[in-house]
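Below is one structure, written out as structure tokens; comments come after it.
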Amino acid sequence: MIKITFPDGSVREYKEGINSLEIAEQISPRLAKEVYSATVNNETWDLTRPISTDATLKLNKWDDAEGKHAFWHSSAHLMAEALESLYPGMKFGIGPAIENGFYYDVDPGDGRVITEADLQPIEDKMKELASKNLTFTRKDVSKNEALTFFSKKGDEYKTELISELTDGTITLYTQGNFTDLCKGPHLPSTEPMKAIKLLSVAGAYWRGDEKHKMLTRIYGITFPKQKLLDEYLVFLEEAKKRDHRRIGKELELFTFSPNVGMGLPLWMPKGSDLRQNLINFLTGLLRKRGYKFVTTPHIGNVNLYKTSGHFEKYGADSFQPISTPQEGEQFMLKPMNCPHHCEIYNATPHSYKEMPIRMAEFGTVYRYEQSGELHGLTRVRSFTQDDAHIFCRQDQLSNEFKSIIDLILYVFRIMNFNDFSAQISLRDPNNKEKYIGSDENWERAEHDIIEAAAEKNLATTVVLGEAAFYGPKLDFMVKDAIGRKWQLGTIQVDYNLPDRFDLNYNGSDNQKHRPVMLHRTIFGSLERFIAVLIENTSGKFPLWLAPEKAVILPISEKFNDYARKVLEILNNSDICTLIDDRDEKIGKKIRDNELKRIPYLLIIGEKEIEKGTIAVRKQGEGDKGSMKIEEFVSFINSEIKKELAF
RNA sequence: GCCAGAGUAGCUCAGAGGUAGAGCACUUCCUUGGUAAGGAAGGGGUCGUGGGUUCAAUUCCCACCUCCGGCUCCA
């Protein structure tokens, strides 16, 4: 007998060699139907894999990440089987489960192309196969056996993967007529895959390397119930409505014109007001925290970026330098603000007593992004960073770093970005030539970041190879409407640029010392931040940010004169207000202005004129009753204060 | 940059080798109204751009531009 310990701490005895599925069946037949994988001694296993020693056991259902993972991973194999039967000779790359569904990278071979029009037949084939209730079986084989199997099949991608595996045994999984190299775990059978949807096709380089061949990636998702699939498809539809590109156009916030150039956003009046509201908000916060604002030009001599290392690293992939007509001097569009800020630092001598120096700028930078990369406002070629550089002494670094974390969390809280993630981005230890500076400086900087994040009890993930070329980063990411993560705030520790720009301060010992530099943004760029903000709010901005706070709706044209008087009072009170004096019925005006997401609709008719009031209607909530105009002014001001009070 | 798809009115989209359509928006008129669409009439399109095939191309073919989904990249 073996002892199985369950997550609640209870222990039961079973005969040796029992599997997780049998255990689930003994607990309840219904549980056995709903369970997809097992976590045995902290390893995820197939349900049908026998357990031969005492173990801890967690049964993973749909709501467990491990359960979904097995479900979708098995779905990828099912899709592969369908593909193999419809496209004989197709070669297979990798086919993992992902956050929402799964994909498989395939090489259709000899000029065959798979397009979205081909997805339906593949999906139908998957449904047909799934309903056959095919069982997944696991088999351990030697490396040689595996190589023989896949080279006979002509699956060169699989043999490439296998030849790099060092394990003595390799596992293969088979369902129906399809066998794949795979670590598992898988579902016992295809039976639970009731609802299947293939979503898109895309190109993907083999092994993520652009020098390799481009394979065809097919994305799909499956569910144990049709209802869940339907809900997911509704979610995708709803998410499309929150797309910042769509709302930006609808609300006339920004636009793009091919005549200006791709990736170069044009901010319309309302979008500009929104930006300005964000800038004013952050400026206030930064001034309170001792930041000083600077302003620097949009171009800089190419030598400046040679000094910083940006030219060597990105010069070839940047907008190329422009030159002066007479002297041929070369200037680059500013890709970063830091070199300019270093020059401002160096313009005056510094004493240890004035540190830290916190230098801020809403600096517009220009970067050549590959055409295929551009994406609405989240990836553009011209954007304004809420940039700052903090020059400090080593003994001040930790506190400075932590107070920036606090500031970012504070701003995210006000913006209601509760679902963010924090990532520590370190150097790739196997690729050190990608970075500048000494090992010693890197180790110091990485240590500083890890320690500061830990002291703030910040939940972080560590990713190697994501550092900037001059230093490691702590990045804050927020998701867009469909769950794509975008980096907004970032804090970077930099020992390298101070060396390159020969930055100094005079210490208490009257000797020259090297300051440490922190690069940091909170919004990241105004463009990307606004994009994420739009998708998180559906364009229903909080009152303090809304470019237009209220719109006056006269019941009929008879009341337009009074309405215009109210308009003047409100605008003079700094409440940006519009008037809708069209010849339309009130219901129509309400509908149109609700759709414009204006926070307050102010209705004016006979009654209001008599009493000198306005009828207030809050966007999305309806009638709030009447109040005097002055009352409304102080009401709006107090609402804004509440939104910003933390 | 690479793979795949798309581009028709201001917006959302239908259409077809033979004179270009709908809804919303816009203009004018009627209507003067009380909390999410009142009625009527009207204007508006080199069908992304340039080539080619054809008696005829917005439709078929080629190239380019832009956009969308990914990949790679992201100071």
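Chain letters run A, B, ... following the sequence lines, proteins first and then strands; every chain starts at 1.
- Among the nucleotides G70(B), A75(B), A36(B), the one closest to the side chain of Y470(A) is A75(B).
- No donor-acceptor contact under 3.5 Å links the side chain of D243(A) to the base of C68(B).
- With rounding to whole Å, R520(A) atom CZ is found 17 Å from A75(B) atom P.
- As judged by a 4.0 angstrom heavy-atom cut-off over every strand, H375(A) is placed among residues touching the sugar-phosphate backbone only.
- Residue ring and nucleobase are stacked for Y314(A) and A75(B), with a centre distance beneath 5.5 angstrom and an angle between planes beneath 30°.
- A donor-acceptor contact shorter than 3.5 Å links the side chain of K313(A) to the backbone of K434(A).
- Residue-level contact check: G587(A) touches the backbone only, with heavy atoms under 4.0 Å from sugar-phosphate atoms and none from bases.
- Within 4.0 Å of I590(A), counting heavy atoms only, lies at least one base atom of the nucleic acid.
- Checking S556(A) against C338(A), the closest nucleotide of RNA chain B that is more toward the 5' end is the one next to S556(A).
- Residue order along RNA chain B, read from the 5' end via each residue's closest nucleotide, puts K588(A) first among K588(A) and F256(A).
- The residue A615(A) sits close to a base: some heavy atom pair falls under 4.0 Å.
- As a whole-Å value, the separation of K313(A) NZ from C73(B) P is 11 Å.
- A204(A) comes within contact range of the sugar-phosphate backbone alone, with a heavy-atom separation under 4.0 Å but no base atom that close.
- Using a 4.0 Å heavy-atom criterion, one finds that V365(A) contacts no nucleic acid atom at all.
- Note: CD1 (I552(A)) to C1' (U35(B)) measures 16 Å, nearest angstrom.
- One donor-acceptor pair, N or O on each side, does fall under 3.5 Å between the base of A36(B) and the side chain of R617(A).
- To the nearest angstrom, P of U35(B) lies 15 Å from CD of E606(A).
- Among G33(B), C2(B), C73(B), the nucleotide with an atom closest to any side-chain atom of R379(A) is C73(B).
- Between H310(A) and F469(A), the distance separating the two ring centers is shorter than 6.0 angstrom.
- Straight-line distance between the C1' atoms of C73(B) and A37(B): roughly 48 Å, to the nearest whole Å.
- Looking at heavy-atom distances under 4.0 Å, M214(A) makes contact with a base.
- Taking side-chain N and O atoms only, S371(A) has a distance below 4.0 Å to OP1 or OP2 of G1(B).
- As judged by a 4.0 angstrom heavy-atom cut-off over every strand, R484(A) is placed among residues touching the sugar-phosphate backbone only.
- E608(A) comes within 4.0 angstrom of a base, heavy atoms only.
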